[in-house]
Amino acid sequence: MLKMYLRYCFSCLMMALSIGLFAQDVVFTENNDTPYGSDGAGVYNGWLDVMRQRMDKMLDDKLLQTSQLGMMVYDLDTDQVVYAYNERQRQRPASVMKLVTSITALDMLGGDYGYSTSFCYRGTLQADTLWGDLYCVGGFDPTISRSDLRAFADSIRRFGISHIDGMIVLDLTMKDTLSYGNGWCWDDDNDKLTPLLVDKKDQFLSVFVTELKNAGISLSVTYAKGKLPQYCTEIYRHRSSMDKVLNRMMKESDNLYAESMFYQIAKAGSPQTAKASDASGAMKRLIHRLGLDPVNYTFADGSGLSLYDYVSAEMIVSLLRHAYSHRDIFEHLYPALPIAGVDGTLEKRMTSGPARGNVHAKTGTVTGVSTLGGFCRASNGHQLCFAILNQGVVRASDGRAFQDKVCDALCR
């Protein structure tokens with residue numbers, strides 16, 4: 001009887017520990033040693049065996065008879081790969097590419113980085129008339145709305161300008177002149193990539209002129225594109241936070257927001273006009289720092305729309321590990337990821353079961369491709385990161401269903 005009682009007490013204790021660990025938020029460990037003694041190691045190995053059996057069984061899924069899979073699961077607490085299948089095969093990431101973009105940007109620019117749009121003049125301000133040119137300097141901020149332009153115009157009016165006699169010049173030199181990404185399909189309806197946008201549309205000049213007039217500023221001007229010269233006077237500068245861009249980019253999988261971040265990376269690495277190759281070069285340098293060969297991967301854009309993006313499950317997991325181990329990256333990335341059954345592109349997925357509210361991950365879907373990469377907590381309390389890349393799927397819903405089953409197995 002005593003042995004049965006002790007066995008019962010031990011079972012209750014382990015259940016309580018498991019529930020407590022599952023319920024807690026993400027915790028950063030100070031080292032990578034397993035927290036278990038010999039008995040705990042046995043429990044962990046038992047979980048590991050069951051999880052691997054579940055995953056092996058999924059490889060018999062009918063979907064994989066006609067499509068490809070690359071997958072890796074990593075235990076961040078014990079610092080080890082716990083499952084892998086074709087993890088080094090190069091595959092298209094779809095919008096999981098946004099993980100590459102966001103982690104590179106946070107690593108390179110930091111979470112306090114601000115997107116900047118400025119308004120300057122060169123000439124003479126006499127009474128309330130600007131005899132000269134007004135420069136609108138674009139920083140590729142995708143968040144700017146018509147109400148923001150109204151505020152810009154009001155700021156110019158408060159500066160003391162009620163009439164402009166000269167030119168209104170749009171400075172678009174922050175990035176190259178390419179309107180679309182390299183390798184984008186010609187028949188996709190995508191937003192234009194220009195440094196001055198309003199409500200995600202290439203209509204900055206017309207809306208800005210209207211708002212200047214609404215603010216009581218009369219115009220005797222011509223319009224031009226050019227570069228901000230030296231010795232100009234700044235009237236107003238608008239800044240948007242990294243988190244504001246990151247949240248929409250990840251939760252809603254906004255491609256324009258991802259491309260704007262891609263070009264922020266490019267601009268930081270080049271004193272001249274930013275080019276896509278500057279951003280891809282920065283991504284490859286980060287991959288090299290993580291111990292992988294960047295020659296094995298191609299990064300043509302920031303959103304994953306390109307036909308030329310190629311990653312691997314191993315590479316995505318390496319980036320997730322890097323983000324997790326750096327608090328200044330993870331504190332910005334993790335809250336921006338969609339949450340299973342709760343919000344973003346995962347709101348209607350994994351709406352019940354152990355994955356709901358547990359999986360925080362980036363989805364990806366283009367024709368023939370369905371992907372998922374992110375974080376979850378196992379039933380034993382361990383924090384995991386994972387990448388699941390399904391390729392050659394005729395119906396994206398089949399890929400999503402497979403990924404949801406994998407996540408359920410990891411969290412159960």
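Starting from 1, each residue takes its place in the sequence as its number. Being a predicted model, the structure only gives us computed values, none of them experimental.
A donor and an acceptor atom, one from each side chain of Thr345 and Ser253, are nowhere located under 3.5 Å apart. For Gln403 and Ser370, the side-chain atoms include at least one donor-acceptor pair closer than 3.5 Å. Inspection of the Ser306 and Asp301 side chains reveals no N or O donor paired with an N or O acceptor under 3.5 Å. For the residue pair His322 and Asp107, a side-chain donor N or O sits within less than 3.5 Å of a side-chain acceptor on the partner. For the residue pair Tyr83/Asp56, the side-chain donor-acceptor check at 3.5 Å is satisfied.
With hydrogens and angles ignored, the 3.5 Å screen pairs no side-chain donor or acceptor of Asp199 with any backbone N or O of Lys201.
Nearest heavy-atom pair across Asp408 and Pro354 is OD1-CD, 3.2 Å.
Checked for salt-bridge contact, Asp176 and Lys275 miss the test: no charged N lies under 4.0 Å from a carboxylate O. At a threshold of 4.0 Å, the pair Arg248-Asp254 counts as salt-bridged, since one of the basic side-chain nitrogens sits closer than that to a carboxylate oxygen. Look at Lys267 and Asp278 and you find no salt bridge, because none of the NZ, NE, NH1 or NH2 atoms lies under 4.0 Å from a carboxylate O. We find that Asp343 and Lys251 are joined by a salt bridge, their nearest charged nitrogen and carboxylate oxygen being less than 4.0 Å apart. Ionic pairing of Asp404 and Arg349 is present here: one or more N-O contacts between side-chain nitrogen and carboxylate oxygen are shorter than 4.0 angstrom.
Between Tyr121 and Phe119, the ring center distance fails the sub-6.0 Å criterion. Ring-centre distance between Phe152 and Tyr236: below the 6.0 Å cut-off. In this structure, the ring of Tyr324 has its center less than 6.0 angstrom from the ring center of Phe330. Ring pair His382/Tyr44: centre-to-centre distance below 6.0 Å.
Relative ring orientation between Tyr115 and Tyr113 is described as perpendicular, the plane-to-plane angle rising above 60° on a 0-90° scale split at 30° and 60°.
Considering Leu228, Ile235, Thr233 in turn, Leu228 is the only one that fulfils the side chain to side chain contact (heavy atoms under 4.5 Å, CB included) rule with Cys120.
For the atom pair CG of Leu69 and CD1 of Ile388, the computed distance is 8.0 Å after rounding to the nearest 0.5 Å.
Every residue meeting the side chain to side chain donor-acceptor pair (under 3.5 Å) condition with Asn255, not counting sequence neighbours, appears here in chain and number order: Lys98.
Heavy atoms from other residues, nucleotides or ligands lying under 6.0 Å from CG of Asp187 number more than 12.
Side-chain contact between Phe262 and Thr104 is absent, with no heavy-atom pair separated by less than 4.5 Å.
Cation-pi geometry between Arg122 and Tyr231 is not satisfied (NZ or CZ under 6.0 Å from the ring centre, within 45° of the ring normal).
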